[in-house]
K.L.:
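Just passing along the structure, written as structure tokens.
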Amino acid sequence: MTVSQILNPTVQITLRSWDESIALATAAVANLTLSEKVSLASGIGFGNVETPCVGGIAAVSKIGFPGLCLQDSPTGVRLAYNVSAFPASINVAATFDQQLMYNNGRYMGEELRDKGVNVQLGPVANMMRTPQGGRGWEAQGADPFLTGFTTANVIEGVQSNGVQSCLKHFVLNDQEAFRSDADPNHGDSIADKKTLMEYYVRPFKIAIDSAGPTSIMCSYNEVNGVNACNNAALFKILKEEVGFKGYVMTDWWALRSNIPEIDAANAGLDMVMPGTKVFSTNTCASDPTACWWGPSLVNETLAGLVNTSRIDDMATRILAGWYRTKQEQSYPTVNFNSNSPAAEELNVQRNHKAHIRAVGAASSILLKNDGVLPLKSSLKAISVIGMDAIYPPDGPNAGSDHGISPSGTLAQGWGSGTTYFPYLVAPLDAIKSVADSLNIAVKNSSDNWHPENAKAAAAGSDVSLVFVNSDSGEGYITVENFPGDRLNLSLWNNGDNLIEAVASEGPTVVVIHSPGAVNMPWLSHPNVSAVIMALMPGQESGNSIADVLFGAVNPSGRLPFTIGHNDSDYVTAINFTNPNVTYSEGPYFDYRWNQKYGIPALFPFGFGLSYTTFSYSNIQVSYACGNGSVFVSVDIANVGSTDGNEVAQVYLGYPSSVTDQPAKQLKGFAKSLIASGSTSTVTIEIPENIYSVYDVSSSSWVVPDGTYTFYVGSSSEDIKLSASITPASGCSGGYEVTTAAADNYGAVSAMGAASETTSANLYHSGAKSLAVFGAAFVSALMLW
């Protein structure tokens with residue numbers, strides 16, 4: 001396929017309101033026949049001549065609707081060439097940086113629009129309930145606020161280009177095991193209503209309230225005994241309780257073959273994807289019986305089995321999303337083909353590599369540092385060891401959807417969340433480039449299986465850098481006997497033995513590329529001097545880690561999950577023999593589990609070191625009588641010798657009368673660049689809808705009476721200060737300000753870093769800034 005190499009100018013779309021969008025859609029639907037309305041809801045296939053995308057909706061010419069192209073993934077444009085391979089979503093969350101989150105969506109959206117994609121299938125708002133979950137790298141970690149906040153910013157960035165976002169997978173789709181109809185026993189996720197709402201629906205609600213995605217994808221699994229994509233109770237929660245105004249589509253082939261298709265339509269499903277009942281090159285036009293909905297749904301509606309008002313609702317919701325993003329206004333046509341990607345496709349990468357490099361560095365989490373980092377220019381020789389340090393011998397795109405054991409550095413997992421790498425910067429190449437400029441000799445061994453070779457390469461070096469990895473992905477591909485989910489949390493390819501061998505020779509820095517937590521039996525070795533969790537940073541991986549290792553960037557990544565001492569530290573291990581997953585732990589997973597039972601983490605949620613040190617003082621908590629928001633203000637001083645970003649995290653303790661909430665939960669954070677020797681006052685807003693709790697009896701969100709304690713710290717376990725307030729007490733307008741005596745929680749650990757943001761009050765174009773108490777205001781939730 002030959003296309004013009006001239007990119008469209010970038011755009012900044014102001015979304016229509018839902019009311020205006022629905023009005024336009026309603027008027028258009030009034031002009032459609034029943035068959036045309038149903039066609040808007042019926043996919044036309046994947047892998048056939050009718051659509052070049054992984055999902056498609058046919059055109060309806062009488063209203064000027066050209067159809068829809070739906071395309072993965074959360075890391076960019078899947079199954080297309082000349083696109084960027086963005087960092088994994090887990091990296092984006094690990095930045096704890098609102099601007100970078102928005103920019104990641106903004107720049108992905110530019111490429112999606114340039115390719116003619118109408119709907120991005122992402123981001124992911126599922127929880128990392130277990131570190132074994134295969135698609136954890138596609139999601140945002142183990143906290144509902146962080147997940148909702150990150151996805152809201154990404155969605156706003158994507159939709160600022162006029163590209164629709166499809167937030168997925170609704171809901172409780174937190175592991176790959178038993179997820180689909182193809183499994184002998186279809187998985188059932190069983191959760192009580194309060195747990196469901198507060199920890200698994202809440203991330204979706206935050207993103208819906210804040211950013212207004214046009215669509216939601218329902219998941220493969222059952223929820224409380226009913227398939228998620230024909231689950232009337234779930235759709236009622238989503239459309240009535242949460243107030244979602246867009247359309248709900250299935251995950252690909254998520255309709256159950258043993259359930260009548262009208263059940264899903266009557267339950268509240270709006271769109272079936274990809275249309276064909278199985279993966280097939282047959283078209284729905286040539287064989288309607290091989291496809292869901294289409295003519296069969298028309299006939300079922302004419303027979304009175306589906307109400308025509310339900311069909312009108314489907315069509316209106318789908319067209320409302322199209323109008324909301326203004327896609328009727330000169331939207332680019334599709335210029336790639338997922339079925340036969342071509343090297344000559346339009347190059348849409350622009351200069352997005354600079355952003356990808358920045359996110360990779362800003363998401364690098366410094367877990368341990370005995371002073372060896374940043375690497376000194378006075379070093380004479382370093383060793384770079386491990387197959388994860390090198391360019392993959394078979395190329396970065398080997399294996400279908402990257403479903404192959406990594407033979408080189410790992411920068412994405414496997415499955416539908418992937419993109420083709422236009423290139424991949426290997427750590428070894430980037431490190432050698434910097435080292436050569438400093439006249440530092442570099443030795444290398446990429447042999448993981450013969451530790452004697454690694455020891456020989458490490459001998460005589462001032463410092464050795466060992467690169468190791470662990471992989472995971474989507475359940476339709478098995479790699480190294482891992483069926484998507486991780487069977488264990490060990491490093492792959494003899495990584496533990498490799499580290500031990502190299503550390504026996506001298507100071508060692510360990511860099512881990514992984515979808516999440518790994519076991520670290522070598523951590524206490526006296527020569528393991530530093531550890532960096534780099535996650536899955538995308539195409540600029542090598543440059544990103546070199547920036548951190550040599551100090552061009554001061555690391556500021558924070559763990560979006562907890563790392564335990566071993567597999568038994570996690571309460572939510574996957575049972576690979578039982579398809580029924582009971583969420584009996586309620587809210588107590590990840591750091592909330594550690595708190596409840598006094599289990600010290602190896603590295604706690606929110607943790608991350610820096611090359612400088614910060615101190616906290618002067619906490620103030622105030623309540624806004626007008627909108628119910630709580631403001632937490634704190635002074636942060638950089639008492640080290642290096643400029644850096646600190647991530648102030650606000651955890652909430654509910655009134656003592658509320659007995660069904662964890663002791664401390666993340667409710668806000670702010671990343672602030674603070675110069676060495678300077679102090680910054682940071683104020684974080686906690687809106688009422690963020691600290692409210694779900695009342696099952698009334699099916700509503702409420703604010704319990706009593707005194708709330710707000711804890712400020714640098715991780716879930718490193719609390720610096722706290723103060724309490726009783727919301728609405730004595731309100732007569734304006735602010736009721738409480739200045740609490742700060743509780744001192746001991747020494748301040750080193751934090752901070754550099755990123756694309758340059759100060760605490762820089763915002764993307766969609767966010768708002770506000771001066772409060774003379775401080776730089778950093779919003780913990782965007783309020784449009």
Side-chain angles (χ1 to χ4, degrees), residues 94-101 103 358-359 361-366 369 371 373-374 547-548 550-558 606-622 631-650 668-685 710-715 718-723 737 739-764 767-780:
T95 67
F96 277 68
D97 188 316
Q98 181 180 7
Q99 186 70 57
L100 288 177
M101 295 169 181
N103 287 353
V359 171
S363 60
S364 295
I365 306 158
L366 183 61
N369 186 18
L373 296 179
D547 287 343
V548 172
F550 288 96
V553 170
N554 190 345
S556 65
R558 299 291 182 267
F607 180 81
L609 299 173
S610 166
Y611 299 151
T612 192
T613 305
F614 298 94
S615 66
Y616 286 63
S617 63
N618 192 29
I619 188 172
Q620 293 185 343
V621 180
S622 64
F631 295 88
V632 180
S633 176
V634 66
D635 291 343
I636 304 176
N638 183 342
V639 297
S641 59
T642 305
D643 297 349
N645 276 313
E646 169 65 329
V647 179
Q649 302 164 39
V650 178
F669 59 84
K671 177 178 262 189
S672 307
L673 178 63
I674 306 173
S676 173
S678 298
T679 298
S680 178
T681 301
V682 176
T683 300
I684 301 170
E685 179 184 6
F710 292 86
Y711 304 89
V712 178
S714 54
S715 78
D718 189 6
I719 301 300
K720 315 295 187 184
L721 305 168
S722 70
V737 179
T739 302
D743 294 323
N744 189 344
Y745 287 82
V748 179
S749 62
M751 297 289 139
S755 73
E756 287 183 345
T757 53
T758 57
S759 74
N761 61 348
L762 278 185
Y763 301 89
H764 59 72
K768 299 178 181 179
S769 61
L770 175 68
V772 181
F773 310 127
F777 169 70
V778 181
S779 176

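In this chain, residues are counted from 1 in sequence order.
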K.L.:
Please determine, by modelled atom types, if Glu646 and Tyr616 share a side-chain donor-acceptor pair under 3.5 angstrom.
P.N.:
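Glu646 vs Tyr616: donor-acceptor pair found between side chains.
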K.L.:
Test Val632 against Thr683 for side-chain contact (heavy atoms from CB on, under 4.5 Å), laying out the working first.
P.N.:
CA-CA 5 Å; Val632 180; Thr683 300; over 6 Å; no
K.L.:
Is a side-chain donor-acceptor pair under 3.5 Å present for Thr681 with Asp635?
P.N.:
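A pair is found: one side chain offers a donor N or O, the other an acceptor, under 3.5 Å apart.
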K.L.:
Just verifying a value: how many Å separate Ser678 OG and Leu673 CG, rounded to the nearest 0.5 Å?
P.N.:
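Answer rounded to 0.5 Å: 9.5 Å.
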K.L.:
Would you call Asn618 and Val634 a side-chain contact if the rule is heavy atoms closer than 4.5 Å?
P.N.:
no
K.L.:
Please report the closest heavy-atom contact between Thr612 and Gly640, naming both atoms and the distance.
P.N.:
OG1-CA, 3.2 Å
K.L.:
Quick check: do Asp97 and Met101 have side-chain heavy atoms less than 4.5 Å from each other?
P.N.:
no
K.L.:
At their closest point, which heavy atom of Ser672 faces which heavy atom of Val682, and how far apart are they?
P.N.:
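Minimum heavy-atom contact is OG-CG2, 3.1 Å.
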K.L.:
A side-chain contact here means heavy atoms from C-beta on lying under 4.5 Å apart; do Gln99 and Lys671 qualify?
P.N.:
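Gln99 vs Lys671: side chains apart.
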K.L.:
Is there a donor-acceptor contact under 3.5 Å from the side chain of Tyr611 to the main chain of Val548?
P.N.:
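Yes, Tyr611 side chain to Val548 backbone: donor-acceptor pair under 3.5 Å.
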K.L.:
Verify whether one side chain among Asn638 and Ser676 offers a donor that lies under 3.5 Å from an acceptor in the other.
P.N.:
no
K.L.:
Less than 3.5 Å apart, any donor N or O on the side chain of Thr642 or Asn554 sitting next to an acceptor on the other?
P.N.:
no
K.L.:
Phe710 versus Ile619: any side-chain heavy-atom pair under 4.5 Å?
P.N.:
no
K.L.:
Atom CG in Leu721, atom OG in Ser617: separation rounded to 0.5 Å?
P.N.:
7.0 Å
K.L.:
Identify the two heavy atoms, one from Ala362 and one from Leu100, that lie closest to each other, and give their separation to 0.1 Å.
P.N.:
CB-CD1, 3.6 Å
K.L.:
Using a 4.5 Å cut-off on heavy atoms from C-beta on, say whether the side chain of Pro374 contacts that of Phe550.
P.N.:
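Counting from C-beta outward, Phe550 and Pro374 never come under 4.5 Å.
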K.L.:
Give, for atom CG of Leu609 and atom CG of Asn369, the distance between the pair rounded to the nearest 0.5 Å.
P.N.:
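Separation between the atoms: 7.0 Å.
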K.L.:
Please report the closest heavy-atom contact between Ile684 and Ala648, naming both atoms and the distance.
P.N.:
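Looking at all heavy atoms of both residues, the closest pair is CD1-O, 3.7 Å.
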K.L.:
When rounded to the nearest 0.5 angstrom, what distance separates OG in Ser363 from CD1 in Ile365?
P.N.:
7.0 Å
K.L.:
Between the side chain of Gln649 and the main-chain N/O of Gly668, is any donor-acceptor distance below 3.5 Å?
P.N.:
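Between the backbone of Gly668 and the side chain of Gln649 there is no qualifying donor-acceptor contact (under 3.5 Å).
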K.L.:
List the atom of Val621, the atom of Ala723, and the distance in Å for their closest heavy-atom pair.
P.N.:
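Between these two residues, the closest heavy atoms are CG2-CB, 3.5 Å.
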K.L.:
Using 0.5 Å steps for rounding, measure from the OH atom of Tyr711 to the CG atom of Asp718.
P.N.:
14.5 Å
K.L.:
Below 4.5 Å, heavy atoms only, C-beta onward: do Asp643 and Ile674 meet side chain to side chain?
P.N.:
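The answer is no, as the side chains (C-beta and beyond) never meet within the 4.5 Å cut-off.
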K.L.:
Hey, what do you get for OG (Ser715) to NZ (Lys720), rounding to the nearest 0.5 Å?
P.N.:
7.5 Å
K.L.:
Would you name the heavy atoms of Phe669 and Phe96 that are closest together and state the gap between them?
P.N.:
CE1-O, 3.5 Å
